[in-house]
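Read the structure below first, then the notes.
Proteins get letters first, then strands, A, B, ... in listed order; numbering begins at 1 in each.
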There are 2 protein chains.
Amino acid sequence: MPMPLPTPPPGRQTQAIIEHIAHGTATSRSELARVLGVAPSTVALRINELTELGVVVEDGTGVSRGGRKPRVLRLREDGGHIMVADLGGHHARIGRFTLTGSLVETRSLPVRVEEGPEPTLRTIADAMKAMAAASGGPAGIKGVGLALPGPVDVATGDVKLPSRMPDWPGFGVRAWLEREFGAVAVVDNDANLSALGEHHAQLGPDQHSITVKAGTAIGSGIIVRGELYRGATGAAGDVTHTRVAAAGDEPCSCGNTGCLETIASGAGLVRQLARQGVAVESTADVLDLVHKADPIATTMLRTAGTYLGEVLSSVVNFFNPDCLFLTGGMASSELFIAAVRSRVYEGCHPLVTQNLRIEAARTGPDAGLHGAARLVLDQILGQSRPAGH
Amino acid sequence: MPMPLPTPPPGRQTQAIIEHIAHGTATSRSELARVLGVAPSTVALRINELTELGVVVEDGTGVSRGGRKPRVLRLREDGGHIMVADLGGHHARIGRFTLTGSLVETRSLPVRVEEGPEPTLRTIADAMKAMAAASGGPAGIKGVGLALPGPVDVATGDVKLPSRMPDWPGFGVRAWLEREFGAVAVVDNDANLSALGEHHAQLGPDQHSITVKAGTAIGSGIIVRGELYRGATGAAGDVTHTRVAAAGDEPCSCGNTGCLETIASGAGLVRQLARQGVAVESTADVLDLVHKADPIATTMLRTAGTYLGEVLSSVVNFFNPDCLFLTGGMASSELFIAAVRSRVYEGCHPLVTQNLRIEAARTGPDAGLHGAARLVLDQILGQSRPAGH
DNA sequence: AGAAGTTAGTTCGAGAATCGAAATAACTTG
DNA sequence: CAAGTTATTTCGATTCTCGAACTAACTTCT
């Protein structure tokens, strides 16, 4: 039986080393060798590469464990910037990451996607460059990541359906960014990137999770074995157009009737409230009302959570994830999360719920930024991501 | 940027070679090198290993393409047996595969799982040994695979829930088989193995599929990137306990009410027909009635397909597979499949259905056997499976 | 028929990446 | 300060692959 051990890809180990140093799970060469189960000599090679690359530096010595002191390794935080943005309907969230993958600063700015890609991207790019310049680091922008609201063709970085973003389809967003920055660029759907970011903030590379972004729209991202799952046509994670009995004949933007989004999305809530004579214009308005304990809005939000939970319970039964994360505006309400949680626990098989966690995303509004940075770093440093913690 | 090409695991290539020879996609060393995009010398090495292992032999020469004739390679079909079984409630299907992965013969025999693991496994093992002995090949049984109806702990090979199989949980099926045969043994859920078998009979290693086994019970298996996806607790693929409005308050074995299985499974149909005074005892009886064009049974089967389609449409929307396969007794009715298909196409987003195929499994009742054999061969020959066709 | 060209397959050395053992370095402890 | 311990580097040995050169076996053209 010719069965030589399948040599792990080198990029992968490099990334694992960075993570261990970042998390403090292993801070010296020998510790890394032990944790990774790899020969000390191999670690030494990788560390040499990383120091030459300017990502890792030695930082004095640690405490002895009875023999020679370990030479403590530390990540250099000034090797360059990864600039990322999460684009919403009315504003964009911009973030700056170090090459070692930590989020340094964020900023929100108003944008209007309906003006088309050129002006929107111009605004974002300028803000990114300003932020990078202001940070004063000697090195420049090594990579750019962008999260877009809606289905994205990852190859070109384009929005796939005309939908709410006129002029965007076919523009070639990824190419535009690469030209503009002269650096690696990555574009993906916002729910996908949020899922990727949140997953790796909480779970390991052998686990599975679903992250639902519930705001004005509802989208979700799927992580299988620590990697983004996009499905056959890149449309995986659609929960918003699942039929819900309670939605009746309410028409949906997709052409069908009775979709979840008509009654459980922020946009749906706005419409429902308006019908009852409550003056609201945006999802934020609705959440404000709930914050002020408005009984109608509160009931409605809770009900929306129950409907979402109904849809998610069948998805969770099927997919059996380790964790279900909720993010987006509506997930900021504990009430909403509680409603989802109770409905999912009620509707799922015990074998599926026994270890299931249902929680608000810890990375909150930065989830998408983290995911985008991760994809960019994957491109820069190697391929698939490392063994966790 | 230290980015050496991630050397593909050697087992993988070996398997790819076998598949190409088996499918006739490449029958000589040079052709293999071309198709696999690998150096001729490397192919020569692999072929040498395989001939020494007794899996491949040379079989004369082929036609010249203007120069030296290629030496045609062929798989040896007498290198040993892989014996597999798919265990149902009342009968087991047994199959014999060659080491090269092709199914040679099958046989069904009655068993009674409710008598417990020891007698059931005894019956199956004896039948396997008899079949292998009768085939007269010089070599023995190199591996054994078993598909069980119900959730399985893959490590031990045990059924997880008491459910319909008393005395089975905690028995250690895998260990029993390995002791009995002195060979590699693999045990998994029947829907999982059917999914694996059907997927690789039709799709490639970078595609995704769902296979639903609709018979007396309803189960499903999920294939992500050509590999079996089991979920966090090994319970992934549960669609049977999804709530369906039409099921009303019908109590289910899981303790909840309104589960799909109460109105769409074979068992559910039997119960519903019995209530209407139609004398049926098994799923087979129901299908017989449909075959005889019994109006009540036919309508009921079609309705069951619609309900299954309703549940699957939300699953398909979420998972966005390349293909949805249907297997099990009820999938033998084209009526049933048509009902599922139309409901899914109706309820799913166009982005998801544009390339989606919904079909009866081509491997039919042998799907589970193929999947089991594949898992066993993975264990014997290497790890993950090869690049297709 | 024989030379020229083409295709098939093997041999052999270089290169990449790992590991393990031994050497070296730097401590702690008795 | 010697003995034991832990950290790190050095240096083959190993395991894979590839590519180039070489041999083998044809077809075809003249």
Atom pair distance, as rounded to whole Å: CD1 in Ile47(B) and C1' in dG9(C): 12 Å
More 5' along DNA chain C: Arg34(B) or Pro40(A), using each one's nearest nucleotide? Arg34(B)
Parallel, tilted or perpendicular: which describes the rings of His208(A) and Phe319(A), with under 30° parallel and over 60° perpendicular? perpendicular
Leu73(A) atom CG is separated from dT8(D) atom C1', nearest whole Å, by 11 Å
When the distance from CZ of Arg71(B) to C1' of dG9(C) is rounded to whole Å, what number comes out? 7 Å
Glu31(B) atom CD is separated from dG9(C) atom C1', nearest whole Å, by 14 Å
According to a strict under-4.0 Å criterion, is Arg46(B) in side-chain N/O contact with OP1 or OP2 of dT17(D)? yes
Between Glu49(B) and Arg46(B), does at least one N-O distance fall below 4.0 Å, as a salt bridge requires? yes
Using a cut-off of under 3.5 Å, enumerate the N/O to N/O pairs linking the protein to nucleotides 26-30 of chain C.
| from | atom 1 | to | atom 2 | distance (Å) |
| --- | --- | --- | --- | --- |
| dA26(C) | N3 | Arg68(A) | N | 3.3 |

Here the distance between atom P of dC11(D) and atom CG of Asn48(A), to the nearest Å, is 14 Å
State, with a plain yes or no, whether a side-chain heavy atom of Leu99(B) is found less than 4.5 Å away from one of Ile82(B). yes
Atom CG of Asp59(A) to atom P of dA7(D): distance rounded to whole Å? 18 Å
Ile17(B) CD1 to dT17(D) P: how many Å, rounded? 9 Å
Does Ser41(A) put a side-chain nitrogen or oxygen below 4.0 Å from OP1 or OP2 of dT18(C)? no
Is the shortest distance from a Lys or Arg side-chain nitrogen in Lys69(A) or Glu58(A) to a carboxylate oxygen in the other one below 4.0 Å? no
Considering every strand and a 4.0 Å limit on heavy-atom distances, what is the contact class for Val38(B): base, sugar-phosphate, or nothing? sugar-phosphate
Report the C-alpha distance between Glu198(B) and His370(B) in whole Å, list the side-chain angles of each, state the deciding distance to 0.1 Å, and finish with yes or no for side-chain contact (heavy atoms from CB on, under 4.5 Å). CA-CA 8 Å; Glu198(B) 185 62 22; His370(B) 279 99; over 6 Å; no
Distance test, side-chain N/O of Ser30(B) to OP1/OP2 of dG9(C), below 4.0 Å: yes
Counting just side-chain N and O atoms, does Arg29(A) come under 4.0 Å of either OP1 or OP2 of dT9(D)? yes
With the side chain defined as heavy atoms from C-beta on, Thr42(B) is closest, among dA7(D), dC19(C), dC18(D), to dC18(D)
What integer distance in Å separates Glu58(B):CD from dA8(C):P? 14 Å
Val56(A) and Leu75(A): CA distance, side-chain angles, deciding distance, side-chain contact (heavy atoms from CB on, under 4.5 Å) verdict: CA-CA 4 Å; Val56(A) 163; Leu75(A) 298 178; 3.7 Å; yes
Just how far is it from atom CD of Gln207(B) to atom NE2 of His200(B), taken to the nearest 0.5 Å? 10.0 Å
